[in-house]
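Written below as structure tokens is the structure these notes are about.
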Amino acid sequence: MASVFHPLFSAYILLLLPLVAAQSSAGDIRPSTFIEATDDANPWLSSSNHFALGFHQLENKDQFLLAIWYYKIPNRTIVWYANGDKPAPRRSKVELTADQGLVLTDPNGLLIWRSDFATGEVAFATMNDTGNFVVYSDSESLWESFNNPTDTLLPTQVIDRGGLLSSRHKENNFSKGRFQFRLLPDGNAVLNSINLESNFTYVAYYISGTYDQQNSSNSGFQVRLDQDGSFYVLRGNNQTHSLSVGDEAPSADYHYRATLNFDGVLTLSSYPKNTGSSRNWSVVKTIPDNICTTNFAELGSGTCGFNSICTLKPDKRPECKCPPGYSLSDANEEYGNCQADFMQGCAADAQNSSQDLYKLVELQNTDWPTSDYERINPCSVNDCKAYCLQDCLCIVAVYNENGCWKKSLPLPYGRQDTQVTSISFLKVRKDNFAHKTPPTMPDKKGNQNSLIILISVLLGSSVFVNFLLVGILCMGSFFLYQKKISRNQRNKTIIQSSLRYFNYEEMEDATNGFKEELGRGSFGIVYKGVIDTDSQHQTGVAVKKLDRVVQDTDKEFRTEVSVIAQTHHRNLVKLLGYCDESQHRMLVYEYLSNGTLASFLFGDIKPSWNQRTEIAVGIARGLCYLHEECSPQIIHCDIKPQNILLDDYYEARISDFGLSKLLGTDQSFTNTNIRGTKGYVAPEWFKTVPVSVKVDVYSFGVLLLEIICCRRNVAMDVGEVEREILTDWACDCFLEGAVDALVDSDAEALSDKMKLERFVMAALWCIQEDISFRPTMKKVLLMLEGIIQVPAPPFTSPLTSHSCQI
Ligand SMILES: *[C@@H]1O[C@H](CO)[C@@H](O)[C@H](O)[C@H]1NC(C)=O
Ligand SMILES: *[C@@H]1O[C@H](CO)[C@@H](O)[C@H](O)[C@H]1NC(C)=O
Ligand SMILES: *[C@@H]1O[C@H](CO)[C@@H](O)[C@H](O)[C@H]1NC(C)=O
Ligand SMILES: *[C@@H]1O[C@H](CO)[C@@H](O)[C@H](O)[C@H]1NC(C)=O
Ligand SMILES: *[C@@H]1O[C@H](CO)[C@@H](O)[C@H](O)[C@H]1NC(C)=O
Ligand SMILES: *[C@@H]1O[C@H](CO)[C@@H](O)[C@H](O)[C@H]1NC(C)=O
Ligand SMILES: *[C@@H]1O[C@H](CO)[C@@H](O)[C@H](O)[C@H]1NC(C)=O
Ligand SMILES: *[C@@H]1O[C@H](CO)[C@@H](O)[C@H](O)[C@H]1NC(C)=O
């Protein structure tokens, strides 16, 4: 058969094809014409190819949306859709019928959607160059997409009184969303949310004010968008009320559209018509200006779900984040509700005799403006914190110039913004050092957490019980991990599916050609980068380019990476992906905005005592997890302030763990092979003994002293020789009963003397030269939290300059 067609003949057909397509696109669509939903179905085009109506393939490649989009704009921007709530399966068909206009049916001929009009015989239909799809009879238009808008208003399209735009569910999910833009019968244009179950309309969060009380015939009667980008409410007396007073002057050189986004922000955006260099949509104006600080009604949630915190991105669209200690109720609903990872409330609290169940997380410029049940005024910050801690109903205390507001669950309209002057103190349970759910086994982990909390609640709080609990926790996790490991052994090279693979080119793109250096370590250089999380979102990453990986085979490298990938803890930096292309091996971590502990601790502004102690406890938790809960156990080997990062909430996150194997240092070291950093390394590194988790305990001790004192371990510029080596000086101070001297004149620390002594003693235990004297990290954690008494550290090893000498 193939030989029948001469190559030239095929070329001729190829040449002809576009012509045919162009011709049919210019013409009208006659009844019985149809499009079938397949991967490469051709849409119906407008005469100048500005717009197309056809099938848009959804994320699930077997589902299709009947939609209209800009045909010439590379990034598909959908302006209208028919079947948002009912995606059409593959091989569905949209047909122009003589009696019903557009009809969308599934492969079995069942109706999915049709254009609704009263009566009339269809003569033809047109995809107009304005973006309007029109079904005509011989004499008039029977149905227009412009009269049945979805979430977008195009130039020359109008919304009459009673008309509305309705948001989609998410950027790539076209189901009906929670938000509406309506022109009310009284002439006001409003934005409101609805309850999706009942269709109940909540009170508007934006009102145009175009209802004229004196003369109602002058009220608004249409919302319009003109070709030049003017977006306004037209009043009865032909006056306009502009909705688009933005920075950009109206211009005919742009495409404009007004879209009600799934997050409730109405955006007027423009796209240059001429082929310039930067061709993308840019925001002209958003309504409301700042949705995070907009006051919603008294009911329903705002743009973010309950217990969530809203922050405004540069494009004036919101980002929703769960506060520390909380996570999304539904991991797929980024804008949904958050729930606490721990149990709280009067019933739960009453089970525990301890007064000290919670710590407060301080959130600057953060408010939950409603849901308060008590206000105390006047009130000091410290009293405010104490009142909330003592009150089992209190979930968060918000402190501002008007006093102290105690709030209970659920917490709607959370916001963090520089305009907000309130500070929130959020109660988070201390004994919950269980962690974020690993994506692979959500159920198990969830049960495990609640199991631990349940046990914690049921038992008393004696030291013995606490050890027992930690034991159970560590063993439980051990078994879980054993299971996981054995599963992994079946196919060692499979890396968790949540981990992304990047090729070298992608890494080059992400880091802009390895341009911005964040730091250098023993492994190589760290670069700042940006990756796409999906088609709409990007996230900052830190790319570690490993310059001396020893593993020969991809398989070994991947096994090591998968060990790191299995760690999930809120005090560890998360690994997002890796690159492994010939010689290029890189690890891609989440980017943490607040830098390293080193710069925080030794910078110009001294962090508060409270913040410092929280950070120390966080690091201890992270290490405890690496030592006790990971299988195989992970020894960090290089704990120092440069390797501790701080997240948005200044919570400590350990980085660079799990790298020692990748870098070819095994567990029996000799002098030539010292990993770690001078000043932080344990004395046994200089001997030929097997290295154990206790090297991390030592380094942690040094780090803890640095955190307490806000200075580096070795500082030659302090003036007094006795103070140059912090570990020595701390011993001296402790022996002389003068730990106060260590914190200089830090009033907050001095007023918290018991904790100060506890922390110093714990640190002195950690830096014992005799390995067997050094406590495990879990014991250190219990010491820091004040759950067990810290005995006075021993002073029996006069041979070292690191341990205390008498
Ligand atoms: C079709 O588009 C033209 C301009 O291209 C416009 O003048 C006309 O009003 C549009 N018709 C409809 C029904 O939208
Ligand atoms: C879109 O979201 C709705 C509501 O959560 C859900 O029921 C539906 O399955 C989603 N559709 C797609 C295609 O993911
Ligand atoms: C809500 O409105 C939609 C149409 O927008 C309708 O299909 C649905 O049945 C309504 N739900 C209720 C509970 O009235
Ligand atoms: C209301 O305004 C219209 C047009 O501006 C005017 O013709 C009419 O007389 C006014 N009616 C009253 C009651 O003021
Ligand atoms: C408003 O303008 C339209 C067209 O420009 C005109 O037909 C109408 O009479 C005007 N209405 C008033 C109240 O001025
Ligand atoms: C979009 O275009 C604007 C200029 O119109 C430019 O500043 C911006 O960087 C561009 N954004 C992207 C993502 O290309
Ligand atoms: C297209 O979308 C992607 C992802 O959203 C974005 O990175 C890219 O800059 C966009 N391209 C243009 C030309 O706007
Ligand atoms: C009581 O609370 C403390 C935290 O202060 C916790 O360590 C302990 O495990 C709890 N006791 C029980 C029995 O839950």
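Numbering of ligands and ligand atoms starts at 1, following listing order. A quick note: this is a predicted structure, and the numbers were derived from the prediction, not measured.
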Ring centroid separation for [X] and [Y], is it under 6.0 angstrom?
| X | Y | answer |
| --- | --- | --- |
| F51 | W80 | no |
| F262 | Y335 | yes |
| F179 | F181 | no |

Legend entry - Element-labelled atoms of ligand 4 that are located less than 4.0 Å from some non-hydrogen atom of S217: 1 (C), 2 (O)
Legend entry - ligand 4 atoms in contact with N218 (distance to a heavy atom under 4.0 Å): 2 (O), 3 (C), 4 (C), 5 (O)
Inset, instruction - Using the ring-ring contact (aromatic ring centres under 6.0 Å, His included) rule, collect all pairs that involve residues 300-322, keeping only residues at least two apart or in two chains. - result: none
Inset, instruction - Go through the structure and list residues passing disulfide (SG to SG under 2.5 Å) with C322, not counting sequence neighbours. - result: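 Listed in chain order: C338.
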Legend entry - Residue-ligand contact E59/ligand 2, heavy atom below 4.0 Å: no
Legend entry - Option among F502, Y501, Y589 that satisfies the ring pair (Phe, Tyr, Trp, His ring centres under 6.0 Å) test with Y578: Y501
Present, as a list of atom pairs with distances to 0.1 Å, all nitrogen or oxygen contacts under 3.5 Å between ligand 3 and the protein.
unit_1   : atom_1 : unit_2 : atom_2 : d
ligand 3 : 2 (O)  : N199   : OD1    : 3.4
ligand 3 : 2 (O)  : N199   : ND2    : 2.3
ligand 3 : 5 (O)  : K176   : NZ     : 3.1
ligand 3 : 11 (N) : N199   : ND2    : 2.9
ligand 3 : 14 (O) : N199   : ND2    : 3.3

Legend entry - R257 NZ/CZ over W281 ring centroid, <6.0 Å and within 45° of normal: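 Verdict for W281: a cation-pi partner in R257.
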Legend entry - Contacts of H50 that satisfy ring-ring contact (aromatic ring centres under 6.0 Å, His included) - sequence neighbours left out: H255
Inset, instruction - Could you say whether the N/O atoms of Q63 and ligand 2 ever approach to under 3.5 Å? - result: no
